[in-house]
Amino acid sequence: MSQPELLPGTPEFRIKLPKGGEARGHLLAEFGGNGTHKFLLREGSLVVAEAWPGLGDHARRNRADLRASGGLVDVTADPGLPKDQQRWRAARDIECNSSSAAAALVYGYDASGPESWRTSEGHPLADYLSTGWRAPRKAWLVRGSNVSGHNLVRQLWLQEGLVSLPAAHLPLLEETDPTKSTLRRFVEDGYEGAASYNQKRGLVDELHAFLTQMRIGDTVATISDGRLHIGRLTGDAVQASSPDGLSNLRRTVAWRTKSHAYEELPEELQQKLSVQHDVVDLTGVLDALDVLSGPGDLAAPGAVDTTGERSPTPRELTLPDITGELAAELLVHDRAWLDEMRELLIDERQLVLYGPPGTGKTYLAMKLAEYLGGGPEQVKIVQFHPSYAYEDFFEGFRPVEDPETREVAFRLTAGPLRELADLASRDGNRHIPHFLIIDEINRANLAKVFGELYFLLEYRTKSVRLTYSGDDFALPPNLFVIGTMNTADRSIALVDAAMRRRFAFVELSPRTEPTAGLLARWLKREGKDLEPARLLDALNARIDDADFAIGPSYLMKPGVYRDGGLERTWRTKILPLLEEHHYGEGLDVAARYGLDALREQRP
């Protein structure tokens, strides 16, 4: 009897069974009745003896036939072992109609073969198959505003009607629908020494999406100079030589004539657009993109609206000057204060905004970072907490559960700092500022979280050998860190000397500028009565501890100015903070800090 032909270029796959043991097998070149490759379960593979209630009738009959013919035989086991832990063994190679049929045979319940079967490195069988079913129409974000320092959206995409990826080290592909496995091999070979493990992993996903997941008729979006452009894919992916290798992989696009200001986009769309990858699946917000597209005309190449586009980014690393418009938006009446923030970041590259709650530390950090970095794509935010560790922040081996077997394997995974550092250090990105915002930075054990990175915060020109990956790593000079610290949570006096030396500390207090008077300026701009500002000033004058002063952001929300909103906010947001401050003192907080008491104080 002739041996079945294995599918060329595919490895052995395995399923690790709960409670121990494994099954092994190979994809076959022949297709089964459902249009997918057949699968060969290897002799010696272990199979769960119990059939679960959800197992289909065909799979039940198949298991029964194999038992009757001697294809599955008993495994000597402990008689005391529970029924659901008994095993059978494949006495010969067993040809299955598909990988899912083989997985059902092994597990005793219906399962997805492409996800259940894994290589010895943990890669799913799906990576070795051509693209299967997908939604009829999807949506994609493709980034091109900074490709090795060039804004291809403005210079190429809108002019010629296309989107592209550099793919500079990708060889000429013979397949029109390459599998992830094929692309991973090309990336591992072509980008060796030119990209970290995290960059290569992301590149495989992006190439696979661009080449096989994106289809003609899909919606495509991109951001350039603070504006969102939307179009429709009209062509398949093609490889072509391009100047400097910036756009070797291309798809044609019919762009719509109208673009949209980023800050005016719906919140759900802004959230999706902030994901920091070159190709992002936006199908979850396809409806929102369709609403923005409307019945507008598709533009001829070169006829796209570019209203509001800025001049090209300078090639040297610099932070843009503070403008009067930014100061007005942030309600900072003394622009020199913002100029000082900029200078501190240039000199130190790390600073901490500290102060009592409600002083706008996180809001200011995000606005400054987006302005100085040139957009939200260059900003990542994390929040520290007591259990946060180096493995969460930078990189570490994290448990990944198999959805079918519930087996857990550990995979080296990059954290937010590693991801942002890899993004900032890409070719062409090194002149563009990137910002990491660490909210509540004093809530974590900083020495535990930063590890050897503490050294790099002070010595930006040096590198260190990393604990897990073993890479030699240096923080790129265009990566800036802004932390926020709530002094009512933990006093700044508890911050150790090592952190003080590495960060510049800037206070935000209701008693000093620019926070003092902020609420009054906001109320005036919004055309509202100034009473809340006067009440807040009176309240803070009665609080004896500056760390527990109340910031203006509590009173800068729409709900405060609906009927009863001020009283409700004061009772549920502000007084509970002061109850905590005076806990155990026996003070009547409402009598001292309530609205009635403060109003009586006014002349």
Side-chain angles (χ1 to χ4, degrees), residues 263-268 270-271 326-334 337 353-368 370 381 383 437 439-440 484-489 507-583 587-603:
E263 61 271 11
E264 297 173 3
L265 297 176
E267 185 176 285
E268 61 170 346
Q270 288 192 26
Q271 288 176 344
L326 177 66
E329 180 187 354
L330 298 178
L331 293 170
V332 177
H333 71 286
D334 184 5
W337 188 87
L353 302 175
Y354 70 94
T359 47
K361 299 178 291 296
T362 304
Y363 175 83
L364 182 61
M366 290 192 296
K367 286 295 184 180
L368 269 177
E370 289 180 6
I381 185 167
Q383 187 174 63
I437 298 173
D439 200 31
E440 306 286 5
T484 70
M485 180 181 294
N486 188 342
T487 52
D489 226 10
E507 183 180 18
L508 289 179
S509 169
R511 301 178 180 181
T512 61
E513 295 294 343
T515 310
L518 177 64
L519 181 57
R521 294 192 291 274
W522 182 80
L523 290 168
K524 185 176 180 180
R525 187 179 73 180
E526 299 296 314
K528 301 182 184 299
D529 186 80
L530 296 180
E531 186 197 29
R534 292 191 290 266
L535 290 169
L536 185 65
D537 290 342
L539 172 68
N540 283 327
R542 292 192 176 195
I543 298 173
D544 54 1
D545 187 340
D547 285 345
F548 280 85
I550 303 300
S553 67
Y554 289 102
L555 303 178
M556 296 173 69
K557 299 177 180 179
V560 177
Y561 301 94
R562 294 196 292 267
D563 287 344
L566 179 60
E567 288 75 10
R568 185 166 52 249
T569 299
W570 211 272
R571 185 180 69 254
T572 61
K573 296 288 186 68
I574 293 175
L575 292 183
L577 288 173
L578 297 169
E579 289 275 7
E580 180 183 353
H581 175 46
H582 291 287
Y583 181 76
L587 178 71
D588 187 339
V589 169
R592 179 174 174 81
Y593 300 117
L595 285 177
D596 291 340
L598 296 173
R599 283 170 173 149
E600 289 174 2
Q601 172 187 315
R602 288 176 50 198

| Does any non-hydrogen side-chain atom of Arg542 lie less than 4.5 Å from one of Leu598? | yes
| task | Drop me the distance from His581's NE2 to Leu577's CG, to the nearest 0.5 angstrom. | result | 11.0 Å
| request: State, to 0.1 Å, how close Pro356 and Ser509 come at their nearest heavy-atom pair, and which atoms those are. | output: CD-CA, 4.4 Å
| query | Heavy-atom distance under 4.5 Å between the side chains of Arg521 and Lys524, does that happen here? | reply | no
| query | Ignoring hydrogens and geometry, is there a side-chain-to-backbone donor-acceptor pair from Lys361 to Glu507 under 3.5 Å? | reply | no
| To the nearest 0.5 Å, what is the distance between CG (Leu330) and CH2 (Trp337)? | 8.5 Å
Side-chain atoms of residues 562-574: list all donor-acceptor pairs with protein atoms under 3.5 Å, sequence neighbours left out, distances to 0.1 Å.
unit_1 : atom_1 : unit_2 : atom_2 : d
Thr569 : OG1    : Gly565 : O      : 2.9
Trp570 : NE1    : Tyr593 : O      : 2.9
Thr572 : OG1    : Arg568 : O      : 2.7

| Side-chain heavy atoms of Glu531 within contact of Arg599, under 4.5 Å | yes
| request: Measure the spacing between CZ of Arg534 and CG of Leu539 and express it to the nearest 0.5 Å. | output: 15.0 Å
| request: For a side chain to side chain contact (heavy atoms under 4.5 Å, CB included) with Leu555, tell me which candidate from Leu523, Ile550, Val560, Leu535 qualifies. | output: Val560
| said: For a quick test of reading the model, state the closest non-hydrogen atom pair linking Met366 to Ile437 and the distance between them. | reply: CA-CD1, 3.5 Å
| query | Under 3.5 Å, is there a donor-acceptor pair between the side chain of Gln270 and the main chain of Leu265? | reply | yes
Acceptor/donor pairs from residues 511-518 side chains to any protein atom, 3.5 angstrom cut, sequence neighbours excluded:
unit_1 : atom_1 : unit_2 : atom_2 : d
Arg511 : NH2    : Asn540 : O      : 3.0
Arg511 : NH2    : Ile543 : O      : 2.6

| Which value, rounded to the nearest 0.5 Å, describes the distance between Leu364 atom CG and Leu331 atom CG? | 11.0 Å
| remark: What one should report as the nearest heavy-atom pair of Leu519 and Pro552 is CB-CB, 3.7 Å
| request: Quick one: pull up OG1 in Thr484 and CG in Leu353 and give me the separation to the nearest 0.5 Å. | output: 7.5 Å
| remark: Residues passing the ring pair (Phe, Tyr, Trp, His ring centres under 6.0 Å) test with Tyr561, sequence neighbours excluded, are Trp522
